[in-house]
Amino acid sequence: MGNVVFYRKYRPQNFESVTGQGSIVKTLTNAIVNNKIAHAYLFTGPRGTGKTSMARIFAKAINCQNRKDKEFEPCNKCQSCLTINDGSSLDIIEFDAATNTGVDEIRALQDNAKIKPVNSQYKIYIIDEAHQLSKSAYGALLKILEEPPEYIIFILATTNPEKMLKTILSRVQRFDFKKLSVDEIIKKSEAILKNEKIEYELPALNLIAKEADGGMRDAESILGQITTMSKKVTLSVVENIIGGISQNKIAEFVDILIAKDNKKLFQYISDLDNNGYNLEEFYKSLIEYAQNLLTIKISFDLASMFKHDLTEDFINILKNQAEKTDIKFIKKIIKRLVENQTYFNVVQNQRLPIEISVLEITED
Ligand SMILES: Nc1ncnc2c1ncn2[C@@H]1O[C@H](COP(=O)(O)OP(=O)(O)O)[C@@H](O)[C@H]1O
Ligand SMILES: [Mg+2]
Ligand SMILES: [Zn+2]
C-alpha cells in the first residue's frame, strides 16, 4: 500500500466524516439548509486540517442533484457529485495560486466567470494558497467580487491569512480550521488501519499523532510509509521512521540513574550525542518519563492513564523501576531536570545540561 493512497482514499466525502472542525461544519450546513450561500469564503488554517476537503464537500452539497430541501449532505452518487469526486467537473474550478500567479490566468478566470455553469446551479472556484496571488491577480479577483454573478462562488484557502489583502478579507466569510487533536488523529488512524486490516499498537499511533502536529495528512502519510514496510504498526517501527527517541533508551538511562553510576551515565550521554540524537529532545522525554515513573510509584492503579502512550511491556518496566526506587529520588530527578532545562538556552554544548543534572541527581 503506497503512502499516496491513504490521504486520497480516506479523504472525507461528506460533512459527517470530517474529523473535528465542528463549528465550521455547523455553520456551513446551516447555510446550505437555509439556502444562504455567500459568494466568497476564506478557509484558513494549518496544512492537512481539511480545507480542500471541506471546500469540495461544500461544492458537492450545493450542486448535488439528489439533495432535497432541508438536507445538507451531498449524495456522492449523482452526475454532479461523481464528476467533482473524480476531478472532471466543469463547474468546479480548482486553481493553485502558488503555480498560477500571473495576470493571464486570472484574466482567463475572469472570462470564464462570465460563462454560466454547465450542469449545475453554481460555478465554484477553489483557489488554493490564495495568499500567493499576485497584486494584479488580486485586482482582477476583487473586480469579480465587487459584482459577482449570482451563480459564482469563491472558496479561497490559505495557510497564511496574514498575507491576504484587507480588501479581500473584508469581502469573504472566514473560517479558521483548527489543528486536529492527538485523540482525533488517533481515532481516524485506527479507523483506517481497521479498514485496511492492519494491526497496530496504540502507543505507535500516539507517537504518529504527536509527530503529525495536528495535520491529518501528515499522519496518513506516515501510516502509509509504515504499511509499505511492515505488517504491523509498532512503536519501534514508528520510532525508526520518525527518528524519535525510544522509550527503551530512556528506560535504560533511568536504570543507570537509579544505580547512580556516574561513569556509565556520562558514557551513555556521550554515545547518544555521537549517534546523532537530539539531546534536548532526550532531556524532555526524560522529564516526561520520570513523571510517569512518579505516577506509577504513587500507585500501580494509575497505569491506566498511560494506555495511549505506553505499551504493556513499558508499563511493566516502569513498575519494576518504581519498586527499585523511592518517591523522594524520583522527585529529585524531575526537580533537577526541570530546574536545569534553562541551560539549553545559554550554553552551546548540548551535553552540559544533562551532565550537570545527572551529577546533582546522584549526589547525596
Ligand atoms: N478534518 C479532517 N478530517 C478527516 N480527514 C482529514 C481532515 N483534514 C485532513 N484530512 C485528511 O488529510 C488529507 C488532506 O486534507 P486537505 O483537506 O487537503 O487539507 P488542507 O487543504 O487543509 O491542507 C485528506 O485527504 C484527509 O485524508
Ligand atoms: Mg489544501
Ligand atoms: Zn449528488
Side-chain angles (χ1 to χ4, degrees), residues 1-26 28 32 41-69 71-89 91-92 94-99 119-122 124-132 155-161 175-193 195-196 208-209 212-224:
M1 177 94 358
N3 65 39
V4 189
V5 185
F6 280 172
Y7 63 76
R8 292 234 175 98
K9 185 169 175 185
Y10 294 100
R11 189 186 279 287
Q13 299 297 351
N14 60 17
F15 289 110
E16 199 203 336
S17 46
V18 175
T19 306
Q21 320 304 1
S23 62
I24 298 175
V25 167
K26 204 162 178 190
L28 288 177
I32 297 170
Y41 295 92
L42 178 66
F43 291 179
T44 75
R47 62 191 225 104
T49 52
K51 300 181 296 296
T52 302
S53 305
M54 192 84 84
R56 291 192 190 151
I57 294 167
F58 185 67
K60 269 191 290 187
I62 58 181
N63 273 347
C64 177
Q65 293 150 350
N66 287 334
R67 190 174 54 83
K68 299 191 184 64
D69 218 25
E71 289 178 359
F72 55 77
E73 288 287 19
C75 75
N76 283 305
K77 289 188 184 110
C78 70
Q79 181 76 5
S80 170
C81 284
L82 290 176
T83 55
I84 295 174
N85 281 346
D86 70 21
S88 69
S89 169
D91 300 323
I92 309 298
E94 292 201 33
F95 186 90
D96 186 354
T99 49
N119 297 313
S120 347
Q121 190 177 356
Y122 293 103
I124 301 154
Y125 294 88
I126 300 174
I127 303 184
D128 218 353
E129 301 302 338
H131 64 277
Q132 296 201 32
I155 303 175
L156 310 177
T158 179
T159 45
N160 298 68
F175 293 97
D176 292 304
F177 285 62
K178 294 197 177 64
K179 286 184 177 180
L180 276 66
S181 71
V182 165
D183 278 341
E184 284 168 343
I185 293 179
I186 290 179
K187 215 169 145 208
K188 184 169 179 194
S189 302
E190 283 193 284
I192 291 173
L193 293 170
N195 192 58
E196 298 288 332
I208 293 172
D213 189 27
M216 194 61 221
R217 187 200 195 102
D218 284 357
E220 285 166 346
S221 77
I222 297 172
L223 280 175

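Along the sequence shown, the residues carry numbers beginning at 1. Indexing begins at 1, ligand by ligand and atom by atom, following the structure's order.
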Visitor: Is the closest side-chain donor-acceptor distance between Asn85 and Asn76 under 3.5 Å?
Guide: yes
Visitor: Does ligand 1 come near enough to Arg11 that some N or O of the ligand is less than 3.5 Å from an N or O of the residue?
Guide: yes
Visitor: So if I count the atoms of ligand 1 from 1 in the order they appear, which ones are less than 4.0 Å from some heavy atom of Glu220?
Guide: 11 (C), 12 (O), 13 (C), 26 (C), 27 (O)
Visitor: Consider only side-chain N and O atoms of Ser120 and Asp91, and report whether a donor and an acceptor are under 3.5 Å apart.
Guide: yes
Visitor: Can we say Lys9 and Glu196 salt-bridge, meaning some charged N sits less than 4.0 Å from an Asp/Glu carboxylate O?
Guide: yes
Visitor: Look at the N, O or S atoms of Thr52, main chain and side chain alike, and state whether any lies under 2.8 Å from the Mg ion (ligand 2).
Guide: yes
Visitor: Out of all atoms in ligand 1, which are within 4.0 Å of some heavy atom of Arg47? Include the element for each.
Guide: 23 (O)
Visitor: What residue and atom, counting heavy atoms only, is the protein's closest point to atom 9 (C) of ligand 1, and at what distance?
Guide: Gly48 O, 3.2 Å
Visitor: Testing the 3.5 Å rule here: is there a donor-acceptor pair between the side chains of Asp86 and Ser88?
Guide: yes
Visitor: At what distance, to the nearest 0.5 angstrom, does CD1 of Ile24 lie from OH of Tyr41?
Guide: 12.5 Å
Visitor: Below 4.0 angstrom from a heavy atom of Ser53, which ligand 1 atoms are there? Numbered from 1 as shown, please.
Guide: 15 (O), 16 (P), 17 (O), 24 (C)
Visitor: Going by the order shown, which atoms of ligand 1 are within less than 4.0 Å of some heavy atom of Thr19?
Guide: 1 (N), 2 (C), 3 (N), 4 (C)
Visitor: So is Ala157 in contact with ligand 1, going by heavy-atom distances below 4.0 Å?
Guide: no
Visitor: Among all protein heavy atoms, pick out the one at the shortest distance from atom 14 (C) of ligand 1; state its residue, atom name and that distance to 0.1 Å.
Guide: Arg217 NH1, 3.7 Å
Visitor: Test Phe177 against Phe43 for ring-ring contact (aromatic ring centres under 6.0 Å, His included), laying out the working first.
Guide: CA-CA 7 Å; Phe177 285 62; Phe43 291 179; 5.1 Å; yes
Visitor: Could you tell me whether Lys188 approaches ligand 1 through its side chain, its backbone, both or neither, with non-hydrogen atoms closer than 4.0 Å?
Guide: side chain
Visitor: Just which atoms of ligand 1 are under 4.0 Å from any heavy atom in Val18?
Guide: 1 (N), 3 (N)
Visitor: Testing the 3.5 Å rule here: is there a donor-acceptor pair between the side chains of Thr159 and Arg47?
Guide: no
Visitor: Is it true that a side-chain atom of Asp183 and a backbone atom of Ile186 form a donor plus acceptor pair closer than 3.5 Å?
Guide: no
